[in-house]
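The structure appears right after this line, and notes come after that.
Reminder, nothing fancy here: chain letters follow the sequence lines and each chain counts from 1.
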There are 2 protein chains.
Amino acid sequence: MAQYRIGEFSKITGLTVKTLRFYDEQGVLKPSCVDPENGYRYYDAELLTRARAITLLRSLEFSLTEITDLLNRSDEESFDVLDILRNQQDAIRLQIARYQRIDAKLCQLFEEEQETRQMAKHETFAVEEKTVESQLVAGIRMKGRYSDCGEPFARIGKSLGRYINGKPLLLHYDMEYREDDADFEACMPVSKSIEVEGIDIRELPAGRCVSLLHRGPYEELRTSYAKAFDYVQQKGFEIQIPSREVFLKGPGMIFRGNPKKYLTEIQLFIVE
Amino acid sequence: MAQYRIGEFSKITGLTVKTLRFYDEQGVLKPSCVDPENGYRYYDAELLTRARAITLLRSLEFSLTEITDLLNRSDEESFDVLDILRNQQDAIRLQIARYQRIDAKLCQLFEEEQETRQMAKHETFAVEEKTVESQLVAGIRMKGRYSDCGEPFARIGKSLGRYINGKPLLLHYDMEYREDDADFEACMPVSKSIEVEGIDIRELPAGRCVSLLHRGPYEELRTSYAKAFDYVQQKGFEIQIPSREVFLKGPGMIFRGNPKKYLTEIQLFIVE
DNA sequence: CATACGGCCTCCAGTAACGGGAGAGTCAAC
DNA sequence: GTTGACTCTCCCGTTACTGGAGGCCGTATG
């Protein structure tokens with residue numbers, strides 16, 4: 001009977017010496033005998049089959065414990081290969097589905113990013129009038145400083161993250177732009193209405209508005225607001241509260257990004 | 001500025017306390033301040049955004065080191081989200097492809113197993129005559145005992161495992177059934193001819209043969225051989241060497257299985 | 001004969017992203 | 001004063017290995 005030393009056995013099976021020692025320790029593939037003098041491992045030809053089976057099963061993503069178990073039970077009466085293959089296939093397909101969901105998510109993010117880039121192409125932005133569709137949003141209203149809006153956004157994201165399908169927005173319930181003690185509502189467009197404590201889910205009405213894109217950090221928003229309000233006054237429009245501020249691109253998205261590139265849309269709704 | 005303790009922050013973000021401490025240690029998400037007296041971590045609302053981003057990126061299978069790096073570089077000029085998303089998508093699609101290959105392999109094994117089961121359905125087997133197609137095989141010829149055939153099979157499997165597309169077979173170059181010092185060749189059907197040292201790849205000719213299925217351990221093969229030779233003599237056929245032995249189901253496949261269920265086909269080729 | 005080299009051994013550490021648990025300090029309420 | 005909830009640090013375990021240190025064994029070469 002041919003006896004191989006670990007190095008030769010490694011070359012034949014394609015398993016590294018380290019791996020073979022590890023398999024020995026784990027009981028998956030024990031050498032046929034071990035020299036008690038120097039501890040050398042010796043493998044015989046019979047073990048090649050087992051090694052092949054292990055390699056195959058590993059390539060099918062079975063764990064070592066599963067493999068050990070399967071190989072030990074494989075001569076039992078109740079042992080059914082088809083069952084095992086089916087189970088493993090189920091597990092593998094779950095993985096495929098998981099990765100496909102990730103892929104879809106990446107696609108979506110990719111498209112969104114491209115869209116906002118398209119919008120941000122212009123050098124400067126002009127005030128314009130436009131009509132906005134109604135949309136379902138989840139909102140948390142609060143008083144305080146705008147910089148505190150991170151928390152309500154995070155709360156919404158936590159509870160309804162799965163259903164968010166648009167850019168975050170802020171509703172301003174004050175007539176003018178205020179720094180401290182403002183009355184505002186952090187909103188996220190959602191696809192589904194789910195009751196959550198402390199979050200108000202409702203349909204935001206459609207309407208006609210004066211819109212202005214603003215590029216740059218939020219500290220400079222005031223100048224854009226001034227431009228928008230100028231336009232409103234010039235046209236003699238009457239403005240409705242709340243006004244909206246849509247964060248097309250900002251720190252709340254994925255990356256902090258460059259504040260000079262932040263993109264925000266101011267929407268002042270017209271009473272008709 | 002609202003300061004959250006780790007427990008509250010955990011509830012808001014959905015990250016466990018353990019995870020938050022781990023993120024702190026890894027530098028992915030450091031608390032805004034740490035009480036030097038008691039070591040308590042305090043998180044402020046600003047970090048909620050970062051936590052959200054981390055959760056999102058984790059769900060897209062970015063590693064923590066990647067995330068740290070991305071979040072740190074995200075305000076640089078050269079930072080391009082689209083690039084990053086594309087790269088990650090490539091990585092994810094590799095995973096999908098990998099799992100799909102595994103899935104296909106499982107399907108294949110599944111079908112093969114079902115086929116042999118179909119063949120093994122009968123209680124007893126009768127000698128029959130049939131025509132066998134030609135097939136490309138990789139073989140290693142040797143002299144010795146049949147029980148030593150594990151090694152050549154393993155060697156073929158190691159070099160050509162990717163191209164194996166059928167059941168292993170043994171060619172017998174002796175005129176009668178021998179135990180020791182037999183002259184035989186271990187063969188594997190392969191889909192591609194690749195030159196490998198010590199392995200002979202060639203087309204096995206088609207031909208008409210006397211075939212008999214044998215169920216049970218190899219030690220009992222002799223009785224089946226006797227039956228087949230009886231038939232040959234009765235018909236007055238002349239037999240060609242080598243004869244073939246196809247292992248439809250045996251220990252060399254995946255699992256050792258139950259020797260009582262081993263299935264072997266004896267093929268004695270007729271000189272026409 | 002000494003030594004260098006390759007092969008083998010054991011033991012330890014590290015990987016990724018946490019989870020579990022021990023043992024101890026902290027804080028507010030009752 | 002005490003209870004219970006919360007927090008801290010430190011260490012171990014997970015999976016399937018890989019890498020390295022330090023040392024034994026057998027053979028080939030100077």
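- Using a 30° and 60° split on the angle between ring planes, B/Phe153 and B/Phe247 fall in the perpendicular class, above 60°.
- Residue B/Leu48 holds its CG atom at 9.5 Å from CG of B/Leu29, rounded to the nearest 0.5 Å.
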Side-chain donor/acceptor pairs under 3.5 Å, residues 183-192 of chain B, sequence neighbours excluded:
{"from": "B/Asp183", "atom 1": "OD1", "to": "B/Arg141", "atom 2": "NE", "distance (Å)": "3.1"}
{"from": "B/Asp183", "atom 1": "OD2", "to": "B/Arg141", "atom 2": "NH2", "distance (Å)": "2.8"}
{"from": "B/Glu185", "atom 1": "OE1", "to": "B/Tyr173", "atom 2": "OH", "distance (Å)": "2.6"}
{"from": "B/Glu185", "atom 1": "OE1", "to": "B/Arg202", "atom 2": "NH2", "distance (Å)": "3.1"}
{"from": "B/Glu185", "atom 1": "OE2", "to": "B/Arg202", "atom 2": "NH1", "distance (Å)": "3.0"}
{"from": "B/Ser191", "atom 1": "OG", "to": "B/Tyr163", "atom 2": "O", "distance (Å)": "3.3"}

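- Heavy-atom minimum distance, B/Ile12 versus A/Lys158: O-CD, 2.5 Å.
- In this structure, B/Arg41 places its CZ atom 10 Å from P of D/dT7, rounding to the nearest Å.
- For the OP1/OP2 pair of D/dG26 and a distance below 4.0 Å, the side-chain nitrogens and oxygens of A/Arg5 include no atom meeting the criterion.
- The residues B/Asp80 and A/Arg117 are annotated as salt-bridged, a charged nitrogen and a carboxylate oxygen being separated by less than 4.0 angstrom.
- Within the 4.5 Å cutoff, the side chain of A/Gln95 has no heavy atoms near those of the B/Gln95 side chain.
- Here the shortest heavy-atom pairing between A/Gln3 and A/Cys33 reads NE2-SG, 3.5 Å.
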Between N or O atoms, less than 3.5 Å apart, protein on one side and nucleotides 10-16 of chain D on the other: list the pairs.
{"from": "D/dA16", "atom 1": "OP1", "to": "A/Leu64", "atom 2": "N", "distance (Å)": "3.4"}

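- A salt bridge links A/Arg98 with B/Glu61: at least one charged nitrogen is closer than 4.0 Å to a carboxylate oxygen.
- Distance A/Tyr40 OH to D/dT27 P: 10 Å, rounded to the nearest Å.
- If you walk DNA chain C from 5' to 3' and mark each nucleotide with an atom closer than 4.0 Å to a heavy atom of chain B, the marks span C/dA17 to C/dC27.
- Scored by the ring-ring contact (aromatic ring centres under 6.0 Å, His included) test, A/Tyr262 finds A/Tyr218 as partners (sequence neighbours excluded).
- Over its length, the helix from C/dC1-D/dG30 to C/dC30-D/dG1 turns its helix axis by 50°, as judged from the five terminal pairs at each end, rounded to 10°.
- By the salt bridge (Lys or Arg N to Asp or Glu O under 4.0 Å) test, A/Arg21 pairs with no residue at all, sequence neighbours left out.
- If you measure from atom CD of B/Glu25 to atom P of D/dT9, you get 9 Å, rounded to the nearest angstrom.
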